[in-house]
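So that the names make sense, note that chain A is the first sequence line, chain B the second, and so on, each numbered from 1.
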Amino acid sequence: MKLVVSKDILKVNDKIAEIIGEKLENRGVMAVNILGSPGCGKTALIEALVKNAGDRFKFAVIEGDLATSRDAERIEKLNVPAVQINTGGGCHLDANMVLTALDDLDLDYVDVLLIENVGNLVCPAAFKLGERKRFAALSVPEGDDKVAKYPTMFQSVDAVVVNKIDLMAYLDFDIRRVENDLSKLAPGLKPLLVSAKTGEGIVEFSGLIEKAWNEFQKAQR
Amino acid sequence: MHEFSIVQDLMELAEDELGKIGYTGKVNSLTLVIGKLSGANPDSVSFAYDAISPQTRLKGAKLIIKEPSAVCICGGCGVNSELAGIDYRCPLCGSGDVKVEGGRELRLDSMELED
Ligand SMILES: Nc1nc2c(ncn2[C@@H]2O[C@H](COP(=O)(O)OP(=O)(O)OP(=O)(O)O)[C@@H](O)[C@H]2O)c(=O)[nH]1
Ligand SMILES: [Mg+2]
Ligand SMILES: [Zn+2]
């Protein structure tokens with residue numbers, strides 16, 4: 001006898017992600033899931049963003065790492081509420097972890113919730129966290145071939161930020177390869193060039209958040 | 001990626017579904033759908049399944065995996081075609097104005113029960 005099931009395997013995660021999405025929407029909070037490899041500068045970009053746009057948005061940050069609370073401590077130094085999730089050995093954040101972390105935030109005082117995922121170009125792509133937008137960060141020292149080598153991740157995002165462009169002069173990084181690979185993988189997606197160190201492109205990076213926020217406000221009405 | 005946790009979720013789902021209909025007999029096979037864009041690797045899923053399933057209710061059930069491709073629906077020339085590799089542009093006219101459908105499935109389709 002054939003028993004038809006036809007159910008998604010990660011449905012437990014997706015269901016929780018939906019709950020998070022609704023909860024955040026009801027409280028007027030826009031979540032952005034930030035993905036990228038270890039050390040590409042996700043935390044540095046969040047720091048730069050908060051410094052640049054902190055007067056316009058009330059930010060809160062959820063930090064995902066296997067161990068330590070170092071990233072959350074960096075964010076708290078900027079007087080932004082931060083919750084650290086330690087995944088133990090886990091290679092990605094899942095919706096259940098984020099739902100639990102939300103208990104530690106006062107959502108009435110949050111406009112934009114930045115979720116820094118575990119540094120990994122593979123697994124985080126498969127787990128929705130209730131976010132409105134997904135941003136990928138890629139950095140110059142990683143090489144210009146990462147978009148083509150990790151297509152699932154780059155295909156799943158709404159924006160790609162290329163960080164550490166201050167190092168461009170020292171490395172053979174051809175931005176045209178990134179643009180070309182993206183144009184095949186995610187037509188219409190153009191990488192935004194930034195340096196969290198020098199501040200170059202950070203105004204434009206804030207602009208991405210601003211644009212997403214305006215869309216979110218429109219959708220809310 | 002995390003194929004082991006995928007298989008654990010799969011086991012739970014399968015056991016739940018069997019529980020719902022109160023079936024206690026043998027399961028001959030499970031048919032799984034793993035889309036080409038799902039990010040899960042069918043070989044790794046099979047490997048994890050072989051390691052995990054003997055300790056479960058699904059002991060001895062064969063794993064059948066279907067791997068559907070994604071379809072690209074072109075806004076330029078209007079033709080639907082199968083996506084090849086990681087190039088998401090229309091293979092016919094090269095247009096980037098495409099909608100990609102399917103390929104992201106990670107789903108338990110059905111189970112074949114012995115009786
Ligand atoms: N030169 C340069 N270095 C940078 C830039 N952004 C970040 N870094 C450095 O890169 C290193 C990693 O930065 P993080 O912000 O910790 O990176 P991350 O992606 O958050 O790392 P994980 O959380 O461990 O995955 C640090 O030493 C930063 O100082 C940049 O724009 N230019
Ligand atoms: Mg970090
Ligand atoms: Zn076409």
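Of the listed residues A:P187, A:A186, A:S6, A:G90, the one with more heavy-atom pairs under 4.5 angstrom with chain B than any other is A:S6. By number of non-hydrogen pairs under 4.5 angstrom with chain A, the leading residue of B:D9, B:L83, B:D97 is B:D9.
The number of heavy atoms from other shown groups lying within 6.0 Å of NZ (B:K36) is above 12. In the displayed structure, A:N26 atom CG is contacted under 6.0 Å by more than 12 heavy atoms of other residues, nucleotides or ligands. Annotation for A:E215: atom CD counts as buried by contact number, over 12 foreign heavy atoms lying within 6.0 Å.
Residue contact with chain A, scored on non-hydrogen atoms closer than 4.5 Å, is absent for B:L30. For B:L37, the part lying near chain A is the backbone, with the side chain staying farther off; criterion is any non-hydrogen pair under 4.5 Å.
Judged purely by atom type and a 3.5 angstrom limit, B:E112 uses its side chain to pair as donor or acceptor with the backbone of A:M1.
Using a 4.5 Å heavy-atom threshold, the side chains of A:K2 and B:L113 count as separate. Looking only at side-chain heavy atoms (C-beta outward), A:L3 and B:L18 come within less than 4.5 Å of each other.
A:D8 CG to B:S38 OG: the interatomic distance, rounded to the nearest 0.5 Å, is 11.0 Å. B:L32 CG to A:I9 CD1: the interatomic distance, rounded to the nearest 0.5 Å, is 4.0 Å.
Nearest approach of A:V5 to B:E17, heavy atoms of both residues: CG1-CG, 3.7 Å.
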